[in-house]
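Below, read A as the first sequence line, B as the second, and so on, with proteins coming before strands; counting in each chain starts at 1.
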Amino acid sequence: MFEFVRILQLHCDSIEYTPTKKEIKSAEDITPETKKLDEVVVAFIAMEQGDDSETAKKAIGEIKTSMEKVGCKKLLLYPYAHLSSNLASPSLAFSLLKEMESLAGDCEVSRAPFGWTKSYNVKVKGHPLAESSKTIINESAGETHEGHPHEEGRTSEALKSESKIQSFWHIMTPDGEMHEVSKFNFAKHEKLEILSKYESAKKRVSDEPPPHVKLMKKMAIADYEPASDSGNMRFYPNGRLIKSLLERFVNDQVKEYGGLEVETPIMYDSHHPSMASYFNRFPARQYNINTEGKQLFLRFAACFGQFLMANDFQISYRNMPLKLYELTRYSFRREQSGELVGLRRLRAFTMPDCHAFCTDIPQAVEEMTKRFDLSQNVLKQVGINESDYEMAIRFTEEFYNENKSVIQNLVKKLGKPVLVEMWKERFFYFVLKWEFNYVDSLGKASALSTDQIDVENGMRYGIKYFDENNIPHHPIILHNSPSGAIERVIYVLLEKAALDQKEGRKASLPLWLAPIQVRIIPLKEEFLQHCETLADRITQKDIRVDIDDRNETISKRIRESETEWIQYSLVIGEKEVNQPNLSVRDRISGNVKEISFDDFVANIKEQTKEKPFTKLNLSRYVTKRPQIMV
RNA sequence: GCCAAUGUAGCUCAGCCUGGCAGAGCAUCUGAUUUGUAAUCAGAUGGUCGAGGGUUCAAAUCCCUUCAUUGGCUCCA
């Protein structure tokens, strides 16, 4: 385990406390009396096992830095054991506390008594930096980290507040101009407005669950698995088929782009040096597994495995940009339970993750443009168009000043206004990040494709390439997910379908993703053999076809073919048995047309060309099939 | 994670306020029907009322705890 000084820091109008009784034997010897302080920063502090002078020094340094930011000179150190379940011994904690007091330097410092139960009254100020928690890590790297992934719910307010207070929001139009968000005319860009105001948005009154939740069950795609953890879904045969096709499609596209597909472990040792350093950078929430004395965590992206792999490669500048790719099944993020909904936000999800190792920023920028096209194309091919998503782009001021045209070029490529976030300083490992967000009918924004320019992890993981003079350098790394999580793609497709339904159009999935593409309905039992032969012929053409052999009326079976979103229904009766042409009911028009077998097949092939195919993932006969959902 | 709502048959839901035999439609099964493009008819099966505890002669119903889902907040590397 790591050790920490834990600090909850509050900028207060006032605090009043009274020591009531000694909590431990070694409590400080004082006369209990009520103290009141005004205009003060209160630091509630807990020392953990393993803390030493070094961490105490870092802790007080952190506190002083933030005090300067809020412009407060008065500090109260308040021993507060409840911040930790891994406390240092009282004697050590007390001496470290006194050390912090002595190191406070020029500010007016006081300290609440140690080892006493105290009652207190506190009035905290309302500004963004008034409340923050800090976790000072004691480890050899000698860096100060904010937040720690081993601990649940302990996120770094300091980091967040800083990034918030120093980021500037704009809208960039395709002509490259920046506009104030407040002055921009969103008349033709309602979804972008929702995205822009997402953080400050007023309460959205919506007591409805997102429509895709019903559809994912009704269409027997996916469902919750009560025996697992929340956010870990089960996928029924239909869902597995859809997901599998999407996965294959994205894989193919990334390979065409030049990505080398690899496979890496889903769990890693928390104590591996690169690991500890990387994920301590973020207030992550991940699943932990303790086994045989090892502390493992489940990956939340494919970065780890690919970086460790690249670390072992001998890379020349001639090999650059080097693209490694993996589709994770799964990535795990232990999101807050209140955040999980249907297929929109999961704790276990499948995500394409393609890293490009580049020599320098110019190469990275050039490569990023290619990946931008890749991402747009992937989404378009699966049925998500530009009009369906809004782009956000975030970068440091420095990057903007040096690469203005790069950013303008991306916005121009998209051809519509984009939300811009600019940071004064770099807080994350990347200098630029863009993403496409789907804004659903309830006003929720979810990121799909994304790419980042990472300037930190090349060094962190010790990844090196050799230049023309055989001098080693750390690469710039791009992190691209061309489609975003596959489950989220299904969520978008279902939300779009639900919207179609709501607005009176027929809901459907793209034909290449439809679990059943053609349904054959025999008019009578005696035509079943003919149907079987026909189904064989259609199957041979790589088209998913089934036969509704139930003893039900034609009307009923047509109706169900419709409600199952099956695009083509073929009724087989006397007429069809005695002539070569097919009577095809097209769900889109609702009309029945008589066409030849070859034309029918050619039509379907045209609609599904250049898309992966997989065989029917259900019994061919409806009567042989368990009913999964109504 | 916090606040709130919801949880009854495989599915959609009624019953709960005001405690007193566990309900409907669809699905499933059986039988009849052999159908020409969006729901054929009849009968039957089906429930530890999310789980655990409490109050009561008696709990789906009232109270407490807990789990899940959904909404809002927060979060979203």
Span that lies between the [atom1] atom of [M] and that of [N], in whole angstrom:
{"N": "G46(B)", "M": "C3(B)", "atom1": "P", "result": "42 Å"}
{"N": "A5(B)", "M": "A58(B)", "atom1": "P", "result": "29 Å"}
{"N": "U8(B)", "M": "C13(B)", "atom1": "P", "result": "9 Å"}
{"N": "C49(B)", "M": "A9(B)", "atom1": "P", "result": "10 Å"}
{"N": "G7(B)", "M": "G15(B)", "atom1": "P", "result": "10 Å"}
{"N": "G36(B)", "M": "U28(B)", "atom1": "C1'", "result": "28 Å"}
{"N": "C11(B)", "M": "C57(B)", "atom1": "C1'", "result": "38 Å"}
{"N": "C16(B)", "M": "C63(B)", "atom1": "P", "result": "15 Å"}

Practice item. Please assess E335(A) against R345(A) for the test salt bridge (charged side-chain N to carboxylate O under 4.0 Å, His left out), listing each intermediate value before the final yes or no. Key: CA-CA 8 Å; E335(A) 307 288 8; R345(A) 194 96 189 260; 2.9 Å; yes
TODO: Show your reasoning for whether salt bridge (charged side-chain N to carboxylate O under 4.0 Å, His left out) applies to K323(A) and E367(A).
DONE: CA-CA 10 Å; K323(A) 284 101 75 172; E367(A) 199 56 28; 3.7 Å; yes
With heavy atoms under 4.0 Å as the rule, sort [X] into base, sugar-phosphate or nothing.
{"X": "R345(A)", "value": "base"}
{"X": "E526(A)", "value": "nothing"}
{"X": "I521(A)", "value": "nothing"}

Watson-Crick or G-U wobble partner of [N], both distances under 3.5 Å:
{"N": "A32(B)", "value": "U40(B)"}
{"N": "C75(B)", "value": "none"}
{"N": "G47(B)", "value": "none"}
{"N": "A5(B)", "value": "U69(B)"}
{"N": "A24(B)", "value": "U12(B)"}
{"N": "U55(B)", "value": "none"}

ask   = Any Lys/Arg nitrogen of D388(A) or K496(A) sitting under 4.0 Å from an Asp/Glu carboxylate oxygen of the other?
value =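 A salt bridge is present here (some side-chain N lies under 4.0 Å from a carboxylate O).
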Exercise for the section: Considering only NZ, NE, NH1 and NH2 on the basic side and carboxylate oxygens on the acidic side, decide whether R620(A) and D546(A) come within less than 4.0 Å. Expected result: no
S508(A)/Q567(A) under side chain to side chain donor-acceptor pair (under 3.5 Å): CA gap, chis, key distance, verdict
CA-CA 8 Å; S508(A) 63; Q567(A) 189 163 338; 6.0 Å; no
Between CZ of R333(A) and C1' of G1(B) the distance, given in whole Å, is 19 Å
Integer-rounded Å distance: C76(B) P and E421(A) CD
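In whole Å, C76(B) P and E421(A) CD are 11 Å from each other.
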Return no unless some side-chain N or O of K575(A) is found under 4.0 Å from OP1 or OP2 of G36(B). no
Counting primed atoms, P, OP1 and OP2 as sugar-phosphate and everything else as base, the B/S/- map of nucleotides 37-43 of chain B against protein heavy atoms under 4.0 Å is BBBB---
* Asked: Where the side chain of P209(A) is concerned, which of U70(B), C75(B), U34(B) is the nearest nucleotide?
  ->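 Of all the options, the side chain of P209(A) is nearest to U70(B).
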5'-most contact on RNA chain B (nearest-nucleotide basis), E335(A) vs G342(A), goes to G342(A)
Judged by nearest nucleotide, the residue sitting upstream toward the 5' end of RNA chain B, K433(A) or S230(A), is S230(A)
Would you please indicate yes or no on a ring centroid separation below 6.0 angstrom for W423(A) and F395(A)?
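No, they do not, as the ring centres are separated by 6.0 Å or more.
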Which pairs of donor and acceptor atoms, one on a side chain in residues 301-308 of chain A, lie under 3.5 Å apart (sequence neighbours left out)?
from: Q306(A); atom 1: OE1; to: H355(A); atom 2: ND1; distance (Å): 2.5
from: Q306(A); atom 1: NE2; to: D353(A); atom 2: O; distance (Å): 3.2

dist L195(A):CG -> K444(A):NZ (nearest 0.5 Å) comes out at 13.0 Å
